[in-house]
Amino acid sequence: MSTSMAAALAATLPATQSNAPTAPAPTASESIPPSMAKYVDIEAEIPITSVQLDGLVVMKIVKHGREAHPAPASGTLVGLDLDGKLEVSNSFPSPAPGEDEERAPKFGAPNPKYEERVLRSLKEVNSDSGVVGFYQTTTMGAFLTQSLVETQASNFEKLRHGGVVVVHDVTQASRGNAALRAFRMTPEFLEAHKKRKFDTQSLIDNRLTFSNILEEVPVVVRSSVLLSAFLSKLTQSPAAPPLPSLGITSTSTLSDSLSPTYSHLDLTSPTHLSRHMESIIDTLDLYKTEEGNLAYLSRQIARERTKADAYTAKRRDENAARVAQGMPPLPEEDVTRLFKIPPEPSRLDSMILLGQLDGYTKSLEASTGSGLVKMYAAQAGSPS
Amino acid sequence: MALGSLSSAIHIQQPSTNTGAPGRTPAKVTVHPVVLFSILDHYLRRPNAEDRVIGTLLGTRTENELEIRDCFAVLHSETSEQVAVDMDYHRAMFDLHKKANPKESIVGWYSTGSDLNTYSALIHNFYSQETSPHQAIHLAIDTGAQEGVESGVKAYVSAPVGVNPKPENALFLPVPTDLQFNEGERSSLSLLSSPPDTSGRTAGPTTELDVLEKSIHDISNMIDRVLTYVRGVLSGEKEGNERIGRYLMDTLCETTESLDKGRLETLFNAHLQDTLMVSYLANLIRSQVEVSSRLTLLT
């Protein structure tokens with residue numbers, strides 16, 4: 001059943017399945033059992049309401065993020081969508097930039113050849129091979145980057161539902177909280193991106209701010225039955241207990257026996273806060289520069305426009321004077337040809353920087369918030 | 001963390017003339033959870049006709065430790081007469097993997113099921129050539145899907161056996177195996193193994209404060225448990241265990257002794273002010289950012 005579904009889905013994925021001899025969609029849809037027909041939408045009509053990550057994917061992303069740290073890591077997600085739920089069943093990392101400079105010129109840009117070969121290999125071992133999006137790791141909550149936006153926008157044309165991006169925060173993970181969030185592009189942003197226009201008018205038309213470039217999709221994490229069983233088995237065979245049992249039938253669940261660490265109870269270290277603030281200051285500086293550029297350009301535009309206006313006004317006066325004297329008026333010349341009014345600068349960069357700042361401050365706020373709780377808890381535990 | 005059931009076997013490290021020589025048996029094998037997850041996933045996706053799946057293990061070596069960090073599935077077929085492993089596929093996959101993880105090399109192979117047969121020896125012989133001059137590792141995973149077989153992970157190296165060494169004859173020597181993960185992965189493991197909610201085996205990622213709340217609840221439950229026990233001992237209902245008593249005493253002394261009261265208070269207040277200031281600044285920047293982005297829309 002799953003193979004026929006995959007085939008049906010593959011048929012609607014022309015971009016990624018060019019190598020495989022895919023059956024045309026109508027014949028594939030006939031093989032879908034009627035009971036499943038309402039879940040499988042060939043035309044991609046059911047919108048995605050949630051993203052389900054397999055345990056394998058979670059671990060792969062976390063591992064890749066940790067190994068690549070402090071550089072961001074990215075990779076491709078494969079899976080399929082079923083009844084509005086996007087099931088991500090596997091993922092593979094993208095080659096890190098650097099050693100393959102000429103082949104992967106930009107970070108985060110997918111390397112189509114590599115991707116295609118991995119997908120073909122995955123297909124051979126019965127894995128899902130439909131690309132549904134990509135993942136990216138980030139630090140300190142600032143996930144909105146130029147490359148993320150670019151990749152996601154280019155994915156939109158290739159993938160069903162436009163694909164999702166799963167963001168993992170390495171900083172939060174190191175503090176004991178597996179932070180995974182999924183996003184997709186909003187129609188407003190795509191509208192503006194299609195026209196490649198991010199000037200003020202376009203932003204106003206689409207009511208675009210940094211907060212509605214991406215919209216969040218709820219994430220659930222799922223582990224297969226076999227995996228849960230395996231994990232529970234692993235955790236139930238503890239090495240010789242260091243202490244005799246307290247003699248209380250403990251209601252210990254799985255997570256208790258998996259040797260719990262309480263690292264997230266550690267007080268937030270001041271170095272972490274200061275690093276966080278440093279990156280905020282850096283981003284603020286970048287934003288300042290960007291704003292300066294924008295202001296310079298808009299002054300330039302204003303200057304040119306005044307000049308042009310003055311010229312037309314002068315010409316009109318002259319013409320009025322000539323008409324009064326009974327002479328034929330001079331032709332109205334094309335002002336735009338005489339004065340080069342520069343195009344209005346794109347505001348995308350500054351918007352993304354603002355988004356980064358927002359991410360930084362949000363996560364800083366969260367960490368100070370929990371820091372306060374921990375401090376009071378520590379004080380309550382100390383002798384008074 | 002130990003994997004599988006404990007064994008009383010003694011693992012003898014062969015004396016070696018020069019340490020770190022290639023071909024030395026690793027003293028310890030650590031396995032990354034990702035490997036286990038991938039193998040189980042591969043096992044779930046196997047064709048119906050096959051009983052076990054095999055694949056290549058990738059990782060890094062130190063002097064006498066071996067870290068298995070990743071793996072990929074390899075196609076193979078087993079019949080009663082012959083075994084075939086798709087070599088081309090194995091090579092192609094390794095090339096691809098090399099691009100994304102240049103540091104990892106082939107260290108061995110895995111299979112599900114714990115029976116070590118002639119085919120295992122043959123496959124192992126092939127992987128020994130791939131990992132040469134180092135020894136190949138064989139990771140046998142019991143998925144626990146069969147009745148009566150406990151799930152667990154075992155690692156082996158092979159030793160030649162018999163007067164004339166033949167590829168199909170090998171003695172598999174067990175090597176101690178550990179599961180290894182760091183703090184970041186620990187949190188996702190606990191997320192995966194957290195008790196399922198009503199709808200099935202799903203759990204959603206949580207926020208930092210939620211995690212904190214849960215831990216504080218856990219700790220308060222633990223304290224309650226200890227308190228009940230201590231009260232029980234004091235009232236004579238239970239027999240006291242001196243080891244528990246000493247352990248509790250050590251723990252309590254550790255937490256209170258090192259902290260000087262006056263100093264603690266100063267530190268607390270200073271840190272409190274810092275944190276509040278940072279929080280205030282973060283809020284301020286956030287509001288400014290929000291206002292700034294709205295102003296762009298107005299002009």
Side-chain angles (χ1 to χ4, degrees), chain A residues 55-56 58-60 62-63 66 93 95 117-118 121 125-127 173-174 176-178 180 200 203-204 209-210 219-224 226-231 233 237 239 244 246 248 253-255 258 261-265 273 354 357-358 361 364-366 368 370-373 379 382-383, chain B residues 1-3 5 33-34 37-38 40-41 44-45 73 75 89 92-93 96 99-100 143-144 151 183-188 190-195 201-205 208-209 211-212 215 225 229 241 243-244 247 256 259 264 268 271-272 275 278-279 282-283 285-286 289 292-293 296-297 299:
Chain A
L56 175 65
V58 174
M59 287 312 288
K60 275 191 169 175
V62 172
K63 173 176 176 269
R66 179 177 63 88
R117 282 181 63 195
V118 176
S121 311
V125 285
N126 295 332
S127 190
S174 68
N177 181 21
L180 288 157
T200 319
L203 292 193
I204 294 170
T209 60
F210 63 86
V219 176
V220 286
V221 173
R222 173 185 175 278
S223 47
S224 65
L226 191 64
L227 185 65
S228 323
F230 197 85
L231 273 180
K233 200 80 204 169
S237 54
L246 286 178
I248 300 158
T253 49
L254 205 62
S255 47
L258 215 146
T261 57
Y262 288 95
S263 65
H264 43 270
L265 286 180
L273 282 185
L354 280 182
L357 273 178
D358 186 62
T361 46
L364 183 61
E365 230 182 295
T368 49
S370 60
L372 282 177
V373 174
Q379 205 206 23
S382 70
Chain B
M1 199 178 99
L3 276 168
S5 52
V34 139
F37 283 39
S38 303
L40 290 177
D41 186 64
L44 281 178
R45 291 173 187 279
L75 297 166
Y89 183 82
M93 262 319 260
L96 287 174
K99 275 190 192 148
T143 49
S151 54
E183 219 29 71
E185 287 146 0
R186 175 72 194 64
S187 56
S188 38
S190 66
L191 182 71
L192 287 176
S193 54
S194 57
R201 300 165 309 278
T202 52
E208 212 170 329
L209 274 178
V211 177
L212 192 63
S215 315
R225 256 160 69 193
Y229 172 77
N241 186 317
R243 278 178 69 191
I244 293 181
Y247 187 78
T256 55
L259 296 173
L264 181 78
F268 177 82
H271 197 64
L272 182 70
T275 315
V278 170
S279 169
N283 260 318
I285 295 173
R286 206 153 81 86
V289 162
S292 155
S293 72
T296 318
L297 292 191
T299 47

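It should be emphasised that the depicted structure is a prediction, and the values quoted were computed from it without experimental measurement. Proteins come first, then strands; the chains are lettered A, B, ... in the order of their sequence lines, and each starts at number 1.
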Restricting to non-hydrogen atoms, name the atom on [X] and the atom on [Y] that form the minimum distance, rounded to 0.1 Å.
X: A:L354; Y: B:S292; value: CD1-OG, 3.7 Å
X: A:E365; Y: B:S279; value: CG-O, 4.5 Å
X: B:R286; Y: A:D358; value: CG-OD1, 3.4 Å

Interface moiety of B:D41 toward chain A, non-hydrogen atoms closer than 4.5 Å: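 The answer is the side chain of B:D41.
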
Contacting moiety of B:Y89, where chain A heavy atoms sit under 4.5 Å: side chain

Proximal component of A:V118, with respect to chain B [non-hydrogen, under 4.5 Å]: both

Euclidean distance, A:L273 CG relative to B:T275 OG1, rounded to 0.5 Å: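 Reported to 0.5 Å precision, the distance equals 6.5 Å.
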
Heavy-atom check, side chain of A:T361 versus side chain of B:V289, under 4.5 Å: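 Answer no - side chains too far apart.
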
Pairing residues for A:R117 by the side chain to side chain donor-acceptor pair (under 3.5 Å) criterion, not counting sequence neighbours: none

Salt bridge (charged side-chain N to carboxylate O under 4.0 Å, His left out) involving A:K60 - partner list, sequence neighbours excluded: none

